[in-house]
Structure formats: C-alpha cells, structure tokens
Amino acid sequence: MRVAFVHLGRENLGIEYLSAVLRKEGHRVSLAYDPGLFGINDNVLYVSVLERIFDRRDRVRKELEEANPEVVAFSVYTGTYRWALDMASWARERLGVPVVFGGIHPTLVPEEVVQRPQVDYVVVGEGEEALLELLDHIESGKRPRRVANLWYREGEEIISNPPRPPLGDLDALPLPDKSLFQEEINYADDYLVLSARGCPYRCSYCCESYLGKLYQGQFFRRRSVTSVLQELKTMKERYGIREVMFSDPIFFTHRRWLRELMERYRDEVGVPFRCFGKVSFLDDEVAEWLRWGGCYAIEFGLQSWNPEIRREVLNRSESNAAYEKAFRILDRVGIRYDIDHMMGLPGESLQDYLEAVRFYGSLKRLNRIKPHHLTYFPKMEILRQARNEGLLNQEEEERIVRGEEVHDFFHQASAVDWIRDMEVFLKILPLLPYRILSWVLRREWWRGWRRCPAALVALFQWAVALRGRDYRFFLYLKYYLLRLRRALRLLPLPRALASAVIMGCASLATVPLGDRLKDAGVLHVAGILLGGAALWNVWKSRRRSWPP
C-alpha cells in the first residue's frame, strides 16, 4: 500500500522506524513535512511573524496530493495535535483515505482522539506491529477488531483493544529509514540514534512514566552494542557522519554495556558524540569511559536546586550532593555539560533560585543552562499536584487533553516578575566569572532582565555558545540556514521575495569576519534577526496583498 506520513517539527525517529518496517514488508512510504521554522516549539528563534510566513501547510497538502496515498498517518505530540487534526480534516475530505493517528498524545488520551471524525484509527504505544496488521486489514477489507494497540469506531461503538507486549528484541528491527528526512537534515553534521527505548524512572511530569505504566514496567529495553555500532557504521559510510547524538532519555544506565560500547565505538566509529545522563549513574570510571570513547557533552535534567521539590513534586530522588559530585567529576575529566532548569515549579522560592545560581556559577565546564517551563501533558502525575495547589482547574485540564491549552516549554510567560528575570539571567549566567556573579547577586542586578529585548538575549546566548565552543548550537543555526534556503524555493513568490531580506542581511553580517564564522552560522542568525525587523515593516505594509 501507499502510506504517507505527515509531520510537523524536528526529525522523528519513530516515523523513521515505522517507515523502515513498512518498506521491508513491501509498502511504499512518503513523507509530507513541515519543519516548523520559527515555530512556538523553538527554544531560541521563535518569531510569530516569521512562523506565519514560513508556514508550509499548503506545501504539505500539495505533497500529499502528489503522493496519492491509500493511507495517511500522523505521529502526534500534544503540541502538534491541533495542527494534525487540521491536516487530517483536509486529507479525509480531499483524498478520502483512512487516517491513522499514533504517537504520544494519542497514546495518552486515545479516548479523546478516537472520537474525532477526521481520525479513523488510533495506535496506542509502540506502532510497528500494530500498523503492519492494520494495513493488512485495510488492504483486504477486513475489520481490525482484534488488532492489539488499536482503537477505532465501528458505528456508535468504540473498539479499544489492549496493548500487545513491547517488542522483545530491538535488534530485530530494520535500521531507521533516514531517507525520509534527508532533504531537510544534513546527517553528516548531526546523526540522531536511539540505543534504547523507554526509561526506568517515573518522573511525575514525563510521558515516559506513562509508557512505563502502560507496559507494566517492561518498556525499557536496550539494543545490543553490535546493533548500535552496525547502524552507526552503515550511516557513517552512507552520509559521512561527523557527530552523533544519542537521544535516549538516559544513555549510560548499564556499566558493562557502556564499557563495551565505548571500547568499540572509539575504534569502529570514532566521531564525537553527546548524550543525556543521570547523575546517579555517573562516577569517575564512567566519566573516563565516556571521555575516552569520544563524549564531549552531556545534558542533565536538574530542574530545581530544592531537593524537597525534586522529590515531592517531580518524583526525582537525586540529592544536591550527587549533582555536585557528578559535575565536579566532569569538570576534572574535561566533558562539558548542559543543565535543564524548570521554571515556575509549585512551592519554589526566590531563595531556591539564588542558591541554584550560586552553584551554577561555581561550575567550570558548564556549557549552557536551559531554563524551560513546567509543561503539562495529559494523565501525568503532576496534574494531580497542580490541582491540589490550585494551579489547574478541570476546564484547563480538558483543554490540555484537546490540545488547546499547550503550556509551551520555552515561551510561556510567568506572571511573577522575578521568575521572568531569573529565566533570562540563567541564559547568560555562564558568561559571568564567579566573582562578578557574586557582585551581581549582592546588588540584585539580576532584576529587570525580563525587559531585555529578545534579540539581545539571543545574542548573549550566542556568546555563551562561542565561549563553550558549543558545536550543537552552531549546528542548530546552520540547519536554520539550510531550511531557510529550501523554504525560499517553496514559498509563493511574494513571501519568497520578502524573506530574501532576511537571508541578505544574514549573509552581509558575516562578511567582515570571514568564512569560518560564516560557516558556523552565528552571525548569520544575528543577521536574520536584523532582517526580521525589516521584514516586519514589509509584512505590515503589504499584508493585505500577500497570501494568507
């Protein structure tokens, strides 16, 4: 069968695995894709005007028509649910083919998604086996009443089949179908790989905790070292990859597995990599293995410096001493690290933030602090706590389920001024030497940063990236340039001409500083912001004559 996936946002490994499985069984697969340039989920370059200009819904619809699919499938997050419903409505009306929704939001609330008239089938949990079975039933005209993981309507009746056991052998899966996204992503610069599925922990705010409950603690599985290396060697030969991102929620959980991987990775792959980690698994020996294998940066979710809030609100058991020990180890061995810090948690005080700032200022290899907001997803344990604290009411919870009350990670404005000040201050904190930081704190010069123009804050963030030689930050900007160039070719002529102002300013801004900075893309993006100001005037003056 001809299957078309539709996706908004960044590269989706789940879709790549589904596509590989379908192709292996003889199905033809295509992708209609909107990268969501300057969209709300962008943690640095969110610009609402540019988001509207670079919206690719019309292009996605055209790609779907050209693909002439027999089935249209979506992998849906809570934040993309409304967009997916809109595209699904068009697909059902224009193409008249079955629509399948899978992904984390349908898995969390299948009872909501299955009632939508534009959605024919809902796949809960892992989708490889369920989607294959469903396609066989659609092709043969049979009713899929016994397809595990599947919800659908049959007249007025809702059929809700229980989930099947998770895949027992991840090594048996074919390699992810990277060809789907290769026009939009330069895999040579950045290759995403999963060495495991699931997470052994149950943080109150994280969707992985729901999957753990759904599969009764059996969802966390690891691929063998040989399987991971086979993928990386194959893709290095195919794409010439120069950097790897292990996107597992926690990369180093098994010591023997990690040691074998690092010993072989250095010899068989031999490119730098970064990963996500948990401080309770990191000691001197693990840090040395990672460094020797080629790890140059690790991202940790600290979220709050108040251990009681971490324990009682977030269901995180790590002590402050454990974080300090882990970061001092990384300072010593020379691995940089990012820290996720969650803003606006229930019960946090100003003193908690000030203590966190003092601690962060003492770290030597701190690369970036990533402040983000508590974001509510359906059925998470933290919703109960939010209700008890009076932070959410029933109507707001229902809006979250419907995808109408999406609490954004990066751009949610707190009602508390000092929290907004701290959010900006944390972004620039790595630039400040500890003595200057102490001086700033004594005089409370961290106050008022909420009034700082967004463009200036972005420039400070780029300065932080330059200071830490943050490879992925430069890649992030480079990808924007690649996608902008492609978008200009796809936009209607009036919007393409106006958008060229951005690219012109971006390129001119790099001329005085030579090719090296130009390739890094830092000043390109500075130029994008300058060009955005000019584009704003063009947008206002010609808005009536431009396509909607």
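The structure presented is a predicted model; accordingly, all values stated were derived computationally and were not measured. Reckoned from all heavy atoms, side chains included, excluding hydrogens, waters and symmetry mates.
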In plain terms, say whether [X] and [Y] are close enough for a salt bridge, that is, a side-chain N and a carboxylate O under 4.0 Å apart.
X: K278; Y: E318; value: yes
X: K24; Y: E128; value: no
X: E63; Y: R59; value: yes
X: E112; Y: R402; value: no
X: K178; Y: E11; value: yes

ask   = D86 and R61: salt bridge (Lys or Arg N to Asp or Glu O under 4.0 Å), yes or no, with the steps?
value = CA-CA 11 Å; D86 177 59; R61 294 182 183 112; 3.4 Å; yes

Pair [X]-[Y], side-chain donor/acceptor within less than 3.5 Å:
X: Y205; Y: R316; result: yes
X: Y353; Y: D421; result: no
X: Q394; Y: E398; result: yes
X: S204; Y: E381; result: no

request  = Check the pair E348 / I419 against side chain to side chain contact (heavy atoms under 4.5 Å, CB included), numbers first and verdict last.
outcome  = CA-CA 10 Å; E348 263 193 320; I419 291 181; over 6 Å; no

Does any part of the side chain of [Y], heavy atoms only, come nearer than 4.5 Å to the side chain of [X], both counted from C-beta?
X: I185; Y: L192; value: no
X: V21; Y: H27; value: no
X: P346; Y: L374; value: yes
X: Y323; Y: I339; value: no
X: V3; Y: L18; value: no
X: L214; Y: V124; value: yes
X: Y81; Y: V109; value: no
X: F220; Y: Y201; value: no

task = Let me see the working for I138 and Y121 under side chain to side chain contact (heavy atoms under 4.5 Å, CB included), right down to the final yes or no.
result = CA-CA 11 Å; I138 292 175; Y121 302 101; 3.9 Å; yes

task = Check the angle between the aromatic planes of F74 and F101 and answer parallel, tilted or perpendicular using the 30° and 60° thresholds.
result =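 Judged by the thresholds at 30° and 60°, the geometry between F74 and F101 is tilted.
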
Residue that, paired with S195, satisfies side chain to side chain donor-acceptor pair (under 3.5 Å) out of E231, R223, R222 =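 By the side chain to side chain donor-acceptor pair (under 3.5 Å) criterion, S195 pairs with just one of E231, R223, R222: R222.
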
Trace of the side chain to side chain contact (heavy atoms under 4.5 Å, CB included) decision for D248 with L194 = CA-CA 6 Å; D248 313 17; L194 269 176; 3.7 Å; yes

query = If you draw a 6.0 Å radius around CD in E154, do more than 12 non-hydrogen atoms from other residues or ligands fall strictly inside?
reply = yes

key: side chain to side chain contact (heavy atoms under 4.5 Å, CB included) assessment of I250 paired with C199   = CA-CA 7 Å; I250 304 173; C199 178; 4.0 Å; yes

